[in-house]
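Single-structure report; data block below.
It should be emphasised that the depicted structure is a prediction, and the values quoted were computed from it without experimental measurement. The chains referred to below are lettered A, B, ... by the order of the sequence lines, with proteins before strands, and numbering in each begins at 1.
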2 protein chains.
Amino acid sequence: MTPGTPEATDTRAAHETRETPEATDVRATREGTEAPEARETPRTPSRATRRRGRALVDAIHDAVLRETTENGVARLTMEGVARRAGTAKTSLYRRWSTPEDILMEALHGAYPQEEPSPGADDLRGDLVAALMLFHGLMEQEPLGPVMLSCVAEASYRPEFNERLWREVYEPRGGRFTATVLRYYADRGGVDPARVTPVTIDVGEAMMVKYTLDRLEPPSPAYVERIVDEVLLPALGRDPR
Amino acid sequence: MTPGTPEATDTRAAHETRETPEATDVRATREGTEAPEARETPRTPSRATRRRGRALVDAIHDAVLRETTENGVARLTMEGVARRAGTAKTSLYRRWSTPEDILMEALHGAYPQEEPSPGADDLRGDLVAALMLFHGLMEQEPLGPVMLSCVAEASYRPEFNERLWREVYEPRGGRFTATVLRYYADRGGVDPARVTPVTIDVGEAMMVKYTLDRLEPPSPAYVERIVDEVLLPALGRDPR
DNA sequence: ACTTTAAGATACGGCACCGTTGCTTAGAAA
DNA sequence: TTTCTAAGCAACGGTGCCGTATCTTAAAGT
């Protein structure tokens, strides 16, 4: 207990007074250092309680997602995530070795696993519902922006793209209009020959393009227009 | 053959021996420094000739585009561009203040300004031609990958997105199927009521989605399928 | 109550990039 | 040729992140 230490902040004082073998000279260095002060990322203050296990991991997942929406995948750093989560870098490195590992895990957990459940005999209604499911995904904070950023990153990093498919998309289903199209094709509501890679993709393609251009998902009315003006005609069921 | 190898130091030697007012001590420091050795970015060797004006700017434009294809917009740095262009940071700061400024200028210059020129009376052929124009854009190195990376960056940076539209897309035309659709709508080949934001966008949307998913543009055959299976039906001209 | 485990705080050397400065020198203009 | 302009080189102090190490301490397990 070296006496005479400035009382500083309570928590810090505890560390300042720790005794090391070569206490004297080392402490001299330490007293010279100033408080680091304001950084870029919001610093979550050290809390009274200390989180462990799931609670901590959840907080970190949340932090990595928010970091990504604000800075993008490419600018993710361990320090940033730690700062945002209000934890120590050490706790991150204990479980993961890169920020992207954390992101993948967070995405896997946050990605919704609902599938569209076509029913009745309402092709149009089921298509709209399927696209609205996709819509909900892109609209929901922070998942929507994060997914956009991931798509962006994936566009010039094949390994990242692969990982995204393997660790997020595929394990989580994520077939939207495809489910509906196959359902009706099997039951004669749609000509199976019309269910092609092109027609399967066109609904989501329109949603993605719209969102990339305007930086926000289309309105529900626009989603219906996609179905009426493109999807149904492509299925040979032009409403006009 | 690798640039930056020790014996390439001839040019540097000239600077080592330069005489400064306080020559002695300053040079002492310098002699202590080692050659920087291999960096991340390919270092273009200092050439015999010294480029100026357009030639230099062109080289820098080229460098920024290649940097972007490899690292993405988010990881652009002045040092990286300078290294790649084989020039000095000083020369960059003389003209631009951020790597993105350079990128915008390079894109503006590199973006093709052709417009589809619909002719004859061949709606299908003109649509395919228009999409193939777009296809050529995405396929051509380094423009395609760069545009993808820009789309990615734009997805979480509204100012960047705005700038892209203002400084690249809009001044360079870049209407593809839209031009064709309006042409035929004016001449009765297509019902004007069918030319909507949705139908105008769907061709490009499919191209973009395909490229984002697979990291390469679709084949010409696939482009034709887009026209046959989606675009024409949406225009009320289902080939079946 | 005591022990074990995991979270947290702090520091460290290293590195890449920042934006700037002082200077040399090649190329173009006079 | 000489003069002027712009390109190039090297260095600087500063910052942010890297990955690791050391030590303290709260929380969970016994």
> Can you tell me if the side-chain N/O atoms of A:T87 get under 4.0 Å from OP1 or OP2 in C:dG8?
Replying inline: yes
> Phosphate oxygens OP1/OP2 of C:dC17: is one of them under 4.0 Å from a side-chain N or O of B:R83?
Replying inline: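 Checking B:R83 against C:dC17: at least one side-chain N or O falls below 4.0 Å of OP1 or OP2.
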Reported [atom1]-to-[atom2] distance for the pair [X] and [Y], which is rounded to 0.5 angstrom:
{"X": "A:R52", "Y": "A:L56", "atom1": "CZ", "atom2": "CG", "result": "10.0 Å"}
{"X": "A:L107", "Y": "A:T68", "atom1": "CG", "atom2": "OG1", "result": "7.5 Å"}
{"X": "B:R163", "Y": "B:R166", "atom1": "CZ", "atom2": "CZ", "result": "7.5 Å"}

For residues 136-154 of chain B, please give each side-chain donor-acceptor pair under 3.5 Å, one per line with the distance, not counting sequence neighbours.
from, atom 1, to, atom 2, distance (Å)
B:S149, OG, B:V73, N, 3.1
B:E153, OE1, B:Y156, OH, 3.0
B:E153, OE2, A:R75, NH2, 2.5
B:E153, OE2, B:R157, NH1, 2.5

[X] has an atom [atom1]; how far is it from atom [atom2] of [N], in whole Å?
{"X": "B:R75", "N": "D:dG16", "atom1": "CZ", "atom2": "C1'", "result": "16 Å"}
{"X": "B:E79", "N": "C:dT20", "atom1": "CD", "atom2": "C1'", "result": "12 Å"}
{"X": "B:N71", "N": "C:dC17", "atom1": "CG", "atom2": "C1'", "result": "13 Å"}
{"X": "B:R50", "N": "C:dT24", "atom1": "CZ", "atom2": "P", "result": "13 Å"}
{"X": "A:R84", "N": "C:dG8", "atom1": "CZ", "atom2": "P", "result": "17 Å"}
{"X": "A:I102", "N": "D:dC18", "atom1": "CD1", "atom2": "P", "result": "10 Å"}
{"X": "B:E67", "N": "C:dC17", "atom1": "CD", "atom2": "C1'", "result": "13 Å"}
{"X": "A:M78", "N": "D:dG19", "atom1": "CE", "atom2": "P", "result": "7 Å"}

> Can you list the steps and then say if B:E79 with B:K89 is a salt bridge (charged side-chain N to carboxylate O under 4.0 Å, His left out)?
Replying inline: CA-CA 6 Å; B:E79 304 233 9; B:K89 269 197 296 179; 3.2 Å; yes
> Which residues within residues 89-97 of chain B lie with some heavy atom under 4.0 Å of an atom in DNA chain D?
Replying inline: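 Contacts with DNA chain D under 4.0 Å: B:T90, B:S91, B:R94, B:R95.
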> Does any residue of residues 53-65 of chain B have a heavy atom under 4.0 Å from DNA chain D, and if so, which ones, in number order?
Replying inline: B:G53, B:L56
> Considering only heavy atoms from C-beta outward, does the side chain of A:Y210 approach that of A:M206 to under 4.5 Å?
Replying inline: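 The answer is no, as the side chains (C-beta and beyond) never meet within the 4.5 Å cut-off.
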>> Is the shortest side-chain heavy-atom distance between B:L103 and B:L65 below 4.5 Å?
In response: yes
> With distance as the sole criterion, is a donor-acceptor pair present between the side chains of B:E216 and B:T211 under 3.5 Å?
Replying inline: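 No donor-acceptor contact under 3.5 Å links the two side chains.
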>> Tell me whether the side-chain N or O atoms of B:R52 pair up with the base of D:dA7 as donor and acceptor below 3.5 Å, since no angle test is needed here.
In response: no
>> Test salt bridge (charged side-chain N to carboxylate O under 4.0 Å, His left out) on A:R84 and A:E70; report intermediate values, then the result.
In response: CA-CA 12 Å; A:R84 173 90 62 168; A:E70 291 186 20; 3.2 Å; yes
